[in-house]
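These values consider heavy atoms only, across backbone and side chains, with no hydrogens, waters or symmetry-generated copies.
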Amino acid sequence: MIADIALKRAYEPARPEVDGYRILVDRLWPRGVSKEKAALDEWDKATAPSLELRTWWGHDPARYADFAERYRAELDENPEVQHLVELVRGADGAVEPDADGACSRAGADGVESGAVRASGEPAPHARVTLVYGAKDAVFNHAHVLRNYLIETLVPKTHTILNSNGYEIATIPARVGRATDGEARAERATGAGAAGVAPATMGGTRQQQPQEQRSEEDQRKQQKQSPKAPDLTGLTLHRLTPDDAKQLQWVSARTFEDTFLLTSEPRDNDEFIAEAFTLEEITRQLRDERMLHFALVEDATGEIAAFTKLNLEGAQTEGGGSTLGPTGVDAHAEDASNADAARDAKNSAAHSAVDSPAHSTAIPQNSLEIHRLYVTSRFKRRGLGSYLMQLAHDTAREQGCGWLWLGVWQYNFAAQQFYAGWGFERFSEHTFVVGSDPQVDFLLKKRLA
């Protein structure tokens, strides 16, 4: 077990029943935030970036990948990070939410005087929220720190777990040098932290690798019908450019939650810095050929799940798109919360598509499911199936005869989910994450 590691800006209202154990990870106290409003359990200054590194970075998104690499190097040499590792590592007696969904919290008395540490070994928590003050919700050091902790505690193995503990793929063994995440895991093992992938994480049971499951188990899972959605407290919205900051945040965060452990840290950082700028998200929301829908929690305004549907002329394969090769990012609920392929990579290598007016591989008169995500707090409520049905309904309303999407070649659980909806493989393409070329299968479905 390791804790669910969340992120939250210090200026957002504290919600202890959702946030769990709140830790401020900035070196300086956020201006204008009172102790009462911050509602902290702990203030950890020691793991923040050095003054020299922070000054060099200047919160420039263009330097994010380099900053993240340098910050990770600082964390590698910082013994104080072990406190956070132990805090989120968990144990057999890990704290679970009570009947009201609240997590146990320690007092934060004296937080204004500096780093407040629990006496003795830190108690495990079901959720730990890293609190930060930066204005940019995507490009900040708290993201890097969160990813570092996950990479340290969950080494890459043949079976890949995402940051919420759901199995998403079983890939061939990597040959050659150990990955950064594996090297950190070895160091953590020497320091007493978990050195192998846990059997369970985030309160969710790890499934067996696909090829190890019995044929009977596979047949049973294939026969499962989509889960009836629980939309309690949620409302469906069509997103507009006014929602760009919130969509930027949730898009980058869910991508990290899904694919953090499938590529090298540097590659993931570069991808985030290129694909999830506010300018790019705003541009997509302004394009009437790109339809963005979200289920939003009524009480908080938080996006619980969202999808992006591309009409012809704005699709990532054929049809004149300038987004470059990509696929759908999908959380397949109750199919191991499987996730499929990738977001658009806005690099010079993919700034133009040399294709005819419409690729012969992509079905004519089609709708592309480009993104489909469910955020961690709202999983296992059937929201992925709800959004998939919405895609079907939208395609019919638009007069489309086909749906298509992309899925990572090793994401067997997602492929099974799409097969359950009647999608069939018809082609493939290469998708690049940083410097890592990956293969996505293209799937299509004819609408009745």
Side-chain angles (χ1 to χ4, degrees), residues 218-231 234-239 287-295 305-321 325-341 355-374 381-409 411-429 440-448:
Q218 293 183 39
R219 285 196 300 270
K220 287 181 180 178
Q221 188 165 359
Q222 289 172 351
K223 291 179 180 179
Q224 290 178 350
S225 58
K227 182 177 181 178
D230 175 8
L231 303 181
L234 304 176
T235 301
L236 182 67
H237 291 264
R238 169 83 182 271
L239 300 182
D287 193 330
E288 291 296 327
R289 302 166 302 175
M290 300 180 182
L291 311 179
H292 296 78
F293 297 96
L295 286 166
F306 65 99
T307 187
K308 176 175 179 283
L309 309 175
N310 293 336
L311 299 172
E312 288 189 337
Q315 297 181 3
T316 57
E317 284 284 321
S321 169
T326 186
V328 62
D329 307 316
H331 275 264
E333 295 257 308
D334 296 316
S336 188
N337 277 305
D339 308 281
S355 62
H358 202 292
S359 169
T360 55
I362 302 300
Q364 294 280 352
N365 190 30
S366 63
L367 179 75
E368 177 192 10
I369 305 176
H370 182 198
R371 296 174 188 160
L372 197 162
Y373 272 123
V374 178
R381 291 179 54 174
L383 304 187
S385 294
Y386 176 86
L387 291 180
M388 178 59 79
Q389 184 60 56
L390 175 66
H392 282 66
D393 295 341
T394 302
R396 293 187 178 97
E397 291 172 2
Q398 296 290 333
C400 299
W402 292 86
L403 284 168
W404 73 274
L405 53 85
V407 57
W408 188 29
Q409 66 172 332
N411 197 341
F412 303 126
Q415 293 169 30
Q416 187 175 63
F417 173 75
Y418 298 131
W421 280 90
F423 285 87
E424 298 179 348
R425 178 180 171 188
F426 68 96
S427 187
E428 66 183 46
H429 65 205
D440 289 353
F441 294 154
L442 303 183
L443 313 180
K444 66 182 179 181
K445 177 182 178 179
R446 183 190 293 274
L447 298 176

How far apart are the C-alpha atoms of V407 and F423, what are their side-chain angles, what is the distance that settles it, and do they pass the side-chain contact (heavy atoms from CB on, under 4.5 Å) test? CA-CA 11 Å; V407 57; F423 285 87; over 6 Å; no
Checking L367 against N310 for the side-chain contact (heavy atoms from CB on, under 4.5 Å) test, could you report, in this order, the C-alpha distance in whole Å, the side-chain angles of both residues, the deciding distance, and whether it holds? CA-CA 6 Å; L367 179 75; N310 293 336; 5.9 Å; no
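By the 30° and 60° cut-offs, the orientation of the rings of F426 relative to W404 is perpendicular. Using the six-membered ring where Trp is involved, F306 and Y373 have ring planes that are tilted, between 30° and 60° apart.
Expressed to the nearest 0.5 Å, how far CD of E397 lies from NE2 of H392 amounts to 13.0 Å. Atom OG1 of T235 and atom CG of L295 lie 8.5 Å apart (nearest 0.5 Å). D440 contributes atom CG, which lies 8.5 Å from atom CD of Q409 (distance to the nearest 0.5 angstrom). In this structure, CG on L234 lies 7.5 Å from CG on D230, to the nearest 0.5 angstrom. Between the CD atom in Q398 and the CZ atom in R289 there is a gap of 13.0 Å [rounded to 0.5 Å]. From W421, atom CH2 reaches atom NZ of K445 across 6.5 Å, with rounding to the nearest 0.5 Å.
Between the side chains of H370 and K308, a donor-acceptor pair is found at a separation under 3.5 Å.
Between the side chain of T307 and the main chain of L387, no donor-acceptor pair closer than 3.5 Å is present. Looking only at distances, no side-chain donor or acceptor of E368 sits under 3.5 Å from a matching main-chain atom of L309. No donor-acceptor pair closer than 3.5 Å links the side chain of E317 to the backbone N or O of H429.
Put simply, the side chain of L236 reaches to within 4.5 Å of the side chain of F293, judged on heavy atoms. Side chains of I362 and Q315 form a contact here, defined as non-hydrogen atoms less than 4.5 Å apart. Between L239 and L291 the shortest side-chain heavy-atom distance does not fall below 4.5 Å. Contact of the E312 side chain with the S366 side chain is registered, since non-hydrogen atoms from C-beta on lie closer than 4.5 Å.
Across all their heavy atoms, G406 and L442 have their closest contact at CA-CD2, 4.1 Å. Heavy-atom minimum distance, L403 versus A391: CD2-O, 3.9 Å. Of all the heavy atoms in A395 and L447, the pair that sits closest is CB-CD1, 3.5 Å.
Remark: K444 pairs with no residue by the side chain to side chain donor-acceptor pair (under 3.5 Å) rule, at least two apart or across chains. Partners of E288 under the salt bridge (charged side-chain N to carboxylate O under 4.0 Å, His left out) rule, at least two apart in sequence or in another chain, are R238. Take Q389 and apply the side chain to side chain donor-acceptor pair (under 3.5 Å) test, not counting sequence neighbours, and it matches D393. Every residue two or more places apart in sequence or in another chain was checked for a side chain to side chain donor-acceptor pair (under 3.5 Å) with S427, and none qualifies. Applying the side chain to side chain contact (heavy atoms under 4.5 Å, CB included) criterion to R425, with sequence neighbours excluded, gives E428, F441, L443.
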